[in-house]
A.B. asks: 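This structure is in C-alpha cells; I'll ask about it shortly.
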Amino acid sequence: MTDSTDLGAEDRKIVTLARSARARNGVPEGAAVRDETGRTYVAGTVALDSLKLSALRTAVAMAVASGAQSLEAAAVVSAADALDEADIAAVRDLGGSGTPVFLAGADGTVRATVEAG
C-alpha cells in the first residue's frame, strides 16, 4: 500500500478528484484521468437500465469526447481489490502503454498501481 502523499502532486490530485466524485455522487466507484495537456476528467459509475459503465471507462469516454489524444495517468477509488481488465484496456486504448492507473480505497490510500500496456 502506498499513501497518496507518496505520489507526485498531479497524481495526488486525480486520486482526490476520484475520491470526491465517489463520495459526492454516492456511487460504487469514482475515477479521474489526466490527459496530455494536463486537463482532468472526473466521473462516477454509470448505472442506468440502458447503459452501464464503470467510473474509469466513463472518465476515458469524457476525455475522448473532449478531444484528448492520450492519457498521462488515471485513478480509481473503489472497494474492489483489483482493477477490471476492461478498464485497463480503455486506458491503454487512449493512453498507450505505460500509463499508470492507481487503485485507491475510500480513504485515498493507493492499494495498487497498474501500468496500462
Side-chain angles (χ1 to χ4, degrees):
M1 290 189 201
T2 304
D3 188 293
S4 62
T5 58
D6 293 341
L7 302 175
E10 291 301 309
D11 292 338
R12 280 195 313 270
K13 176 182 171 183
I14 61 171
V15 170
T16 299
L17 289 169
R19 187 175 176 211
S20 66
R22 180 178 185 254
R24 179 180 60 248
N25 298 327
V27 292
E29 293 182 338
V33 298
R34 184 177 64 249
D35 74 8
E36 75 281 1
T37 67
R39 290 179 297 185
T40 55
Y41 305 88
V42 182
T45 307
V46 174
L48 301 173
D49 289 339
S50 63
L51 179 64
K52 299 194 183 324
L53 290 172
S54 71
L56 186 53
R57 281 178 265 177
T58 303
V60 170
M62 291 170 64
V64 170
S66 296
Q69 299 296 308
S70 65
L71 296 178
E72 291 181 347
V76 178
V77 173
S78 174
D81 293 329
L83 292 162
D84 184 276
E85 182 52 42
D87 286 350
I88 296 168
V91 172
R92 184 182 317 113
D93 286 348
L94 184 56
S97 63
T99 302
V101 182
F102 307 107
L103 174 62
D107 65 353
T109 300
V110 176
R111 298 188 316 252
T113 302
V114 175
E115 285 192 11

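Below, each value reflects all heavy atoms present in this structure, side chains not excepted, and no hydrogens, waters or symmetry copies. Predicted model only: the values in this text are computed from it and were never measured.
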A.B. asks: Is it true that Leu94 and Met62 fall in one hydrophobic cluster, defined by side-chain heavy atoms closer than 4.5 Å?
C.D. replies: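 The answer is yes; both residues are in one hydrophobic cluster.
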
A.B. asks: Is there a side-chain contact between Tyr41 and Asp35 (heavy atoms, below 4.5 Å)?
C.D. replies: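 Answer yes - side chains close enough.
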
A.B. asks: Is a donor on one side and an acceptor on the other found under 3.5 Å between the side chain of Ser66 and the backbone of Ala63?
C.D. replies: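 Not confirmed, Ser66 side chain does not pair with Ala63 backbone.
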
A.B. asks: If I take atom OG from residue Ser70 and atom CG from residue Asp93, how far apart are they, to the nearest 0.5 angstrom?
C.D. replies: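 The CG atom of Asp93 is 13.0 Å from OG of Ser70, to the nearest 0.5 Å.
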
A.B. asks: Within this structure, what is the OG1-CD1 distance for the pair Thr99 and Ile88, rounded to the nearest 0.5 Å?
C.D. replies: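 If I round to the nearest 0.5 Å, the distance is 11.5 Å.
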
A.B. asks: Taking all heavy atoms of Ala90 and all of Val60, pick out the closest pair and write down the distance.
C.D. replies: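 Taking every non-hydrogen atom into account, O-CG1, 3.8 Å.
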
A.B. asks: Kindly work out whether a path of hydrophobic side-chain contacts (I/L/V/M/F/W/Y, heavy atoms less than 4.5 Å apart) joins Val76 to Val64.
C.D. replies: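 Same cluster: Val76 reaches Val64 through Ile, Leu, Val, Met, Phe, Trp or Tyr contacts under 4.5 Å.
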
A.B. asks: Are the side chain of Thr45 and the backbone N or O of Glu29 linked by a donor-acceptor pair below 3.5 Å?
C.D. replies: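 Flag set: sc Thr45 to bb Glu29 pair under 3.5 Å.
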
A.B. asks: Specify the closest pair of heavy atoms between Gly44 and Val27, including all atoms of both residues, with the distance to one decimal.
C.D. replies: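 Looking at all heavy atoms of both residues, the closest pair is CA-CG2, 3.9 Å.
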
A.B. asks: Would a 4.5 Å heavy-atom cut-off, applied to side chains only, mark Thr40 and Lys13 as touching?
C.D. replies: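 Result yes, sub-4.5 Å side-chain heavy-atom pair found.
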
A.B. asks: Which residues pass the salt bridge (Lys or Arg N to Asp or Glu O under 4.0 Å) test with Arg92, not counting sequence neighbours?
C.D. replies: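 Arg92: salt bridge (Lys or Arg N to Asp or Glu O under 4.0 Å) contacts with Glu85.
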
A.B. asks: Do Ile14 and Val33 have side-chain heavy atoms sitting under 4.5 Å apart?
C.D. replies: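 With C-beta onward as the side chain, the pair stays apart.
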
A.B. asks: Quick check: do Val101 and Leu83 have side-chain heavy atoms less than 4.5 Å from each other?
C.D. replies: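 Yes, side chains in contact.
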
A.B. asks: Counting distance only, does the side-chain N/O of Asp107 pair as donor-acceptor with the main-chain N or O of Thr109 below 3.5 Å?
C.D. replies: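 Present.
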
A.B. asks: Any side-chain heavy-atom pair from Val114 and Leu103 closer than 4.5 angstrom?
C.D. replies: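 No. Closest side-chain heavy atoms not under 4.5 Å.
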
A.B. asks: Is there a donor-acceptor contact under 3.5 Å linking the side chains of Ser54 and Arg57?
C.D. replies: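 Checked: Ser54/Arg57 side chains pair up, N/O donor to acceptor below 3.5 Å.
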
A.B. asks: Given 3.5 Å as the limit, does a donor-acceptor pair link the side chain of Arg22 with the main chain of Ala31, or not?
C.D. replies: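 No: the side chain of Arg22 does not pair with the backbone of Ala31.
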
A.B. asks: What pair of heavy atoms forms the shortest contact from Ala21 to Ala43, and how long is it?
C.D. replies: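 Reported closest heavy-atom pair: CB-O, 3.9 Å.
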
A.B. asks: Is the shortest heavy-atom distance from the side chain of Asp11 to the side chain of Arg34 under 4.5 Å?
C.D. replies: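 Yes. Closest side-chain heavy atoms under 4.5 Å.
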
A.B. asks: Heavy atoms only: give me the nearest Glu36-Glu72 pair and the separation to one decimal.
C.D. replies: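 Of all heavy-atom pairs spanning Glu36 and Glu72, the closest is O-OE2, 3.5 Å.
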
A.B. asks: Compare all side-chain heavy atoms of Val91 with those of Leu71 and state whether any distance is below 4.5 angstrom.
C.D. replies: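 Yes. Closest side-chain heavy atoms under 4.5 Å.
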
